[in-house]
Amino acid sequence: MIINRKELAREKVKELQNGFSAFAETKEVAELIKRELAKLNLKVHEDVTDLGSWFIPEKN
């Protein structure tokens with residue numbers, strides 16, 4: 001199965017927009033998520049671990 005990393009990142013950003021946390025298993029997907037978040041000016045907390053990065057939406 002082929003996984004489109006850009007589409008995966010977009011889906012994770014949608015989760016964040018809906019108030020849910022998202023997990024990126026690779027640095028590439030984490031970077032794509034960060035780019036999308038910057039475009040949307042959406043604030044999140046990023047927790048980087050050895051296994052990947054957690055993105056947690058910040059409350060206003």
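Keep in mind it's a predicted model, so treat the numbers as computed, not measured.
Both Trp54 and Leu51 are members of a single hydrophobic cluster when ILVMFWY side chains are connected at heavy-atom separations under 4.5 Å. Under the 4.5 Å side-chain contact rule for hydrophobic residues, Phe55 and Leu40 share a cluster. In the hydrophobic cluster analysis, where Ile, Leu, Val, Met, Phe, Trp and Tyr join through side-chain heavy atoms closer than 4.5 angstrom, Leu8 is grouped together with Val44.
Taking CD1 of Ile33 as the start and CZ of Arg10 as the end, the distance is 12.0 Å to the nearest 0.5 Å. From Glu36, atom CD reaches atom NZ of Lys6 across 9.5 Å, with rounding to the nearest 0.5 Å.
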Would you tabulate the side-chain donor-acceptor contacts of residues 12-26 under 3.5 Å, counting partners in other chains and residues two or more places apart, or write 'none'?
{"unit_1": "Lys12", "atom_1": "NZ", "unit_2": "Phe23", "atom_2": "O", "d": "2.8"}
{"unit_1": "Asn18", "atom_1": "ND2", "unit_2": "Lys14", "atom_2": "O", "d": "3.2"}
{"unit_1": "Thr26", "atom_1": "OG1", "unit_2": "Val29", "atom_2": "N", "d": "3.2"}

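Atom CZ of Arg5 sits in a sparse spot, with 12 or fewer heavy atoms from other residues, nucleotides or ligands closer than 6.0 Å.
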